[in-house]
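Keep in mind that this is a model prediction, so the values were computed, not measured. Basis for what follows: all heavy atoms, side chains included, without hydrogens, waters or symmetry-related copies. Start at 1 and go down the list; that is how both ligands and their atoms are numbered.
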Amino acid sequence: MNPLKLALAERRAQIGLWQSLANPYTAEICADTGYDWLLFDGEHAPNTIQTLLAQLQAVAPYPVEPVARVPVGEAAIIKQYMDIGFRSLLIPMVENAEQAKQLVAATRYPPRGIRGVASAVSRAAGFGTKPGYLASAHEDACLILQIESRAGLEAIEAIAAVDGVDALFIGPSDLAAAMGHLGDPRHDAVQSAITDAIERIAKAGKPSGIFALSPDDARRWLAKGVCFVSVGSDIGLLTRGARDLRGAIR
Ligand code: 3PY
Ligand code: MG
């Protein structure tokens with residue numbers, strides 16, 4: 001069972017940490033620090049299928065769910081990410097129900113969807129040693145769609161209603177840009193659009209998630225009913241830690 005999928009279905013809070021260093025060594029360090037999920041970013045970090053694979057292998061022994069963000073929601077890319085072993089996926093820039101349906105189909109084998117089959121040579125299927133994988137892979141697939149545009153906001157109810165969508169995740173930076181406030185996700189208009197989106201996602205019966213800008217932000221969103229937040233990133237931790245250490249010596 002995918003623990004993140006189960007926790008989201010049961011609305012248990014899940015705290016995540018963004019991984020943008022694209023490095024298995026640092027991913028392994030972060031995997032043992034108490035987060036529920038780690039986000040491996042194929043959209044904005046310098047990742048390839050090989051670097052993502054190495055990070056998956058590095059975190060495999062630890063009780064943390066690896067989630068991958070694909071660069072774009074295309075079936076061919078989703079197939080590769082799932083074949084190397086990601087069962088939890090974050091898809092950027094989702095704007096309508098038709099797109100959401102295609103994304104669900106991309107994560108399922110026929111007849112449920114259109115995912116191509118490579119069980120004997122895929123890591124996800126234990127290189128052919130998990131005979132039940134083909135029949136049960138959809139049960140563990142956790143599909144999280146990002147709402148981060150005006151069109152996405154407008155289509156929240158329609159996207160949330162698509163069977164197979166596990167959760168909706170707000171992207172404050174892109175949403176701010178789409179609303180004319182590039183670089184200012186804390187702008188009042190953006191914050192109230194996010195609050196409204198969170199309420200509508202809950203009413204539509206799906207768990208919501210968000211990229212929190214700080215621990216205070218994370219607590220505030222959790223108190224408003226957001227189910228899963230990521231707070232900060234590996235790059236932020238390294239930058240702050242290095243600066244603080246240097247500053248402590250003067
Ligand atoms: C955004 O803020 O736009 C994201 O995609 C993730 O936080
Ligand atoms: Mg974004």
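For a distance bound of 2.8 Å, the N, O or S atoms of E43 include none lying that close to the Mg ion (ligand 2).
Hydrophobic clustering (side-chain heavy atoms under 4.5 Å, transitive across Ile, Leu, Val, Met, Phe, Trp, Tyr) keeps V231 apart from I144. When hydrophobic clusters are built by joining Ile, Leu, Val, Met, Phe, Trp and Tyr residues whose side-chain heavy atoms come closer than 4.5 Å, directly or via intermediates, V67 is not grouped with Y35.
Closest approach of I84 to L53, counting heavy atoms only: CD1-N, 3.9 Å.
Note on ring orientation: taking the six-membered ring where Trp is involved, the planes of F169 and F228 are tilted (angle from 30° to 60°).
Rounded to 10°, the angle formed at the Mg ion (ligand 2) by E148 OE1 and D174 OD2 is 100°.
Annotation: side chain of D36 is not in contact with side chain of L4 (no heavy-atom distance under 4.5 Å).
Side-chain atoms of N47 and Q55 form a donor-acceptor pair, as typed in the model, at a separation below 3.5 Å.
Not a single donor-acceptor pair under 3.5 Å links the side chain of S136 to the backbone N or O of E139.
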At less than 3.5 Å, what protein N or O atoms come close to the N or O atoms of ligand 1? Include the distances to 0.1 Å.
from, atom 1, to, atom 2, distance (Å)
ligand 1, 2 (O), P172, N, 3.1
ligand 1, 2 (O), S173, N, 2.8
ligand 1, 2 (O), S173, OG, 3.4
ligand 1, 3 (O), E148, OE1, 3.0
ligand 1, 3 (O), D174, N, 2.9
ligand 1, 3 (O), D174, OD2, 3.0
ligand 1, 5 (O), R69, NH1, 2.8
ligand 1, 5 (O), Q146, NE2, 2.9
ligand 1, 5 (O), E148, OE1, 3.0

